[in-house]
Amino acid sequence: MATAAGGWDLVLRGGRVIDPESGLDAVRDVAVAGGRIAAVGTGLTAPASRGDVDVAGQVVTAGFIDLHSHVSDLGGLRLQAMDGVTTALELEAGVTPVAQAYRRAAEQGRPINYGFAASWALARMEAVAGLPPDASLGAFMARISDPAWQRPAEPAQVSALMARLAADLTEGALGIGVLLGYAPAASPAEYLRVAGLAAEAGVPTFTHARDLIEMAPATLADGAEEIVRAAAETGAHMHYCHINSTSQRHIDRVLGLVARAQAAGSRVTTEAYPYGSGMTGIGAAFLAPERLGERGLSPSSLTYAPTGERVASADRLRELRATDPGGLVIIDLLSEDDPADRALLMRSLTFPGAVVASDAMPLTWTAPPADAQAWPLPATAITHPRTAGTFSRALRLLTREGLVTPGGPLSLAQALAKCSLEPARLLQDRVPALRTKGRLQPGSDADIVVFDAAAVTDQASYLNSTRPSAGISYVLVNGAFVVRDGDIVADARPGRAVRAEPG
Ligand SMILES: [Zn+2]
């Protein structure tokens, strides 16, 4: 099917094209025009003035869609692009007011596509504690430990926060992010009302679960039971965020519950990231010194990211929580060196329909950057390695090191589906842009990643957290290169907004 069409902007020639939806896995050329995939075939070529790129021996597939990214800074977004991510969505925390977040991102200009859910936590801070929301994760982090927003809400306060969330949904919010585990005194009834609002609007909720009963016997509801019950009672699509980190060694119990809810017809979906340690603000409710034992933790399970110090004592933890409640901290939850813990992590990733999602965190600077646009990132920038490495690491573990997956390694197409097609399908009902992402087909958006299947790997570690992934040579977003010959294209800002159609 040789073609001599002249309108193409570029052709990626001779790669192994994998499209999990159509089942295509064959050597093909991919022609791009006007930000879309114009043709997939053989013998395609672009005019010499525009360019062919020889990608023989490499995989060409849809760019990765990250449903859980807290990154809004350029350095962090570049790390995600280097990991193959072409769309990074802030869904678990969300941002309120969502219109302000979209406006700010558009003014900023981003290398990859972006989108936001409404934020229950920020709406609650406003309604319950009178704290004005400013549409940023920073606003949440700054007040993460403030008891004023975490207390049980009066009916009028719940109504006010519901009104704020409803307004966000009319502005194209992709769903409702619910950081429930950060306000464990919020009532199950309030959570059900939020789920009901999402059901009415036809969008998902994205929940950081309340404490599990095994961890906190006095919890108002078991965090896992509460999510599946909300799906059954309201009909909402409930997305269970980072099932690995909030379930820890109860992953099998929680996955079993999710599987039964799905079998009963509820729409409950899940995600996981392939790391044993988590990261959040040190002022989080569940990191109070007296509560660490619930998760089998001690102060020394925590590493305070700004200085790299292991927290030495309960007193030091109290001090850090008081002086820098939003300061990021690495939390050792599962041991990556323990085969049983590694197997648990892999079960959370290989669970049918579970998608790979990073929980990528913003950069923390140990000294103010001389140039916030600098690339490569200076050593003073730190984060959780998941920010830089989640997708490459998932591909490596799922397809090449499957010794710890029950059924052996996944096929490349199966693993890629968890990174692109399945996240798109999870959100696409009310989000037109995602119907043309996550696929490598004529008419799809030209969000494309090109990588070496034998070499693709994460390189970020807990000590070197901002080392970009390796083995990914090209990343295109809306037809423009953001990664070329294995490195960032400095001025590329082709990212576009991804919004829901208001219901
Ligand atoms: Zn979370």
Side-chain angles (χ1 to χ4, degrees), residues 66-72 76 88-96 116-122 124-125 136-145 149-150 174-184 186 191 194 204-212 215-216 219 223-224 226-227 238-248 250-251 254 258 268-288 291 294-295 297 302 305 325-334 345 348-349 354-362 364 383-387 390 423:
D66 188 357
L67 299 186
H68 193 147
S69 171
H70 302 299
V71 171
S72 60
L89 306 175
E90 169 60 277
L91 302 179
E92 179 224 29
V95 282
T96 282
F116 308 96
S119 172
W120 169 81
L122 287 173
R124 199 171 205 279
M125 284 176 170
S136 73
L137 182 72
F140 170 74
M141 284 297 192
R143 302 151 178 171
I144 188 170
S145 63
W149 77 274
Q150 299 175 20
L174 297 169
I176 304 174
V178 192
L179 291 172
L180 189 58
Y182 291 82
Y191 184 63
V194 173
T205 68
F206 305 89
T207 302
H208 179 123
R210 197 194 291 274
D211 302 305
L212 297 182
M215 299 174 179
T219 181
E226 182 173 34
I227 289 174
M238 305 299 289
H239 182 73
Y240 199 138
C241 292
H242 47 45
I243 207 157
N244 54 300
S245 62
T246 39
S247 308
Q248 285 180 261
H250 310 290
I251 283 173
V254 173
V258 170
V268 182
T269 54
T270 67
E271 58 170 61
Y273 59 82
Y275 293 87
S277 296
M279 182 181 243
T280 189
I282 198 166
F286 49 85
L287 296 181
R291 293 199 51 198
E294 296 171 2
R295 286 169 170 73
L297 306 176
L302 310 179
L328 295 177
V329 65
I330 289 174
I331 312 154
D332 296 343
L333 298 167
L334 295 172
L345 259 185
S348 67
L349 280 167
V355 303
V356 176
S358 72
D359 202 357
M361 299 301 282
T364 283
T383 181
H384 188 294
R386 69 194 184 199
T387 306
T390 287

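Just so you know, ligand 1 is whichever comes first in the structure, and atom 1 is the first atom listed for that ligand.
- Under a 3.5 Å cut-off, the side chain of Glu271 and the backbone N or O of Val356 do not form any donor-acceptor pair.
- Applying the side chain to side chain donor-acceptor pair (under 3.5 Å) criterion to Thr205, with sequence neighbours excluded, gives no partner residue.
- The Zn ion (ligand 1) has Glu92 OE2, His208 ND1, His242 NE2 as its protein N, O or S neighbours under 2.8 Å.
- Side-chain N or O atoms of Ser358 include one that pairs as donor or acceptor with a backbone N or O of His68 at under 3.5 Å.
- A donor-acceptor pair under 3.5 Å links the side-chain atoms of His384 to the main chain of Ser277, judged by distance alone.
- In this model, a donor atom of one side chain and an acceptor atom of the other lie less than 3.5 Å apart for Glu92 and His70.
- Residues Tyr275 and Arg386 bring no donor and acceptor atom of their side chains to less than 3.5 Å of each other.
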